[in-house]
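Below you'll find the structure, written out as structure tokens, and then a few comments.
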Amino acid sequence: QVQFVESGGDLVQAGGSLNLSCAASERTYNIIGWYRQAPGKQRELVARISYGGTRTYEDSVKGRFTISRDNAKNTIYLQMNSLKPEDTAAYYCNLFSSKVPWGQGTQVTVSS
């Protein structure tokens, strides 16, 4: 069963940028999504990417976030630009379908 380890979160000022990484324990051909969860809120899908590179984004991050993947390195990235305080959340990656257990996530905090 594939496992994911997220990294790259930090405390940044509004308008700043971060690049999150998601290291998969093995090669997967599945669609992979980046998710986020703020305290007291449901986990939501932010972006997803297929093995071949087809991308889909949640409306609130379109034009600001870019999802990508390096299949040779078993790694998925989320480049986040023009960050807003409402982007503050723990960020996770997982299979879009047939979810595996969630990892610890990586915390993104955007100050105003």
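Heads up: numbering here begins at 1 and tracks the sequence. Here the structure is a predicted model, which means the values were calculated and not measured.
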For the side-chain contact (heavy atoms from CB on, under 4.5 Å) test, which of Leu20, Thr106, Leu78 pairs with Glu6? Thr106

How many angstroms lie between atom CD1 of Ile49 and atom CD1 of Ile31, to the nearest 0.5 angstrom? 10.0 Å

So which heavy atom on Gln79 is nearest to which on Leu18, and how close? NE2-O, 3.4 Å

Please determine whether side-chain contact (heavy atoms from CB on, under 4.5 Å) holds for the pair Arg55 and Ser50, giving the CA-CA distance in whole Å, both sets of side-chain angles, and the decisive distance to 0.1 Å. CA-CA 7 Å; Arg55 301 173 171 95; Ser50 73; over 6 Å; no

Hydrophobic cluster (4.5 angstrom, side-chain heavy atoms) - remaining members for Tyr77: none

Shortest non-hydrogen contact between Ser60 and Arg36, atoms and distance: OG-NH2, 3.5 Å

Side chains of Asp70 and Thr75 only: does a donor on one sit below 3.5 Å from an acceptor on the other? no

All heavy atoms of Met80 vs all of Tyr91, minimum pair found to be SD-CE2, 3.9 Å

Pairs of donor and acceptor atoms involving the side chains of residues 22-29, under 3.5 Å and at least two apart or interchain, shall be tabulated with distances.
residue : atom : partner : partner atom : Å
Ser25   : OG   : Gln3    : N            : 2.8
Arg27   : NE   : Asn71   : O            : 2.7
Arg27   : NE   : Asn74   : OD1          : 2.5
Arg27   : NH2  : Asn71   : O            : 2.9
Arg27   : NH2  : Ala72   : O            : 3.4
Arg27   : NH2  : Asn74   : OD1          : 3.3
Thr28   : OG1  : Asn30   : N            : 3.2
Thr28   : OG1  : Asn30   : OD1          : 2.7

Side-chain donor or acceptor of Gln37 paired with backbone N/O of Lys41 under 3.5 Å: yes

Please check if the side chain of Thr109 supplies one atom and the backbone of Leu11 the other of a donor-acceptor pair under 3.5 Å. no

Shortest non-hydrogen separation from Trp34 to Ser21 and the atoms involved: CH2-O, 3.6 Å

List the atom of Ser17, the atom of Asn81, and the distance in Å for their closest heavy-atom pair. OG-OD1, 2.9 Å

To the closest 0.5 Å, what do you measure between OG1 (Thr56) and CZ (Arg48)? 4.0 Å

Please report the interatomic distance OG(Ser112) to CG(Leu83), rounded to the nearest 0.5 Å. 13.0 Å

Evaluation steps, salt bridge (charged side-chain N to carboxylate O under 4.0 Å, His left out), between Asp87 and Lys84: CA-CA 5 Å; Asp87 296 317; Lys84 304 174 180 179; over 6 Å; no

Might you work through the side-chain contact (heavy atoms from CB on, under 4.5 Å) test for Tyr51 and Ile32, ending with a clear yes or no? CA-CA 8 Å; Tyr51 183 82; Ile32 297 175; over 6 Å; no

Go through the steps to decide whether Val108 and Asp10 satisfy the test side-chain contact (heavy atoms from CB on, under 4.5 Å), and finish with yes or no. CA-CA 5 Å; Val108 172; Asp10 205 350; over 6 Å; no

Can you list, pair by pair, the side-chain donor-acceptor contacts under 3.5 Å of residues 95-104, counting residues two or more places apart and other chains?
residue : atom : partner : partner atom : Å
Lys99   : NZ   : Tyr35   : OH           : 3.2
Lys99   : NZ   : Leu95   : O            : 3.2
Lys99   : NZ   : Phe96   : O            : 2.5

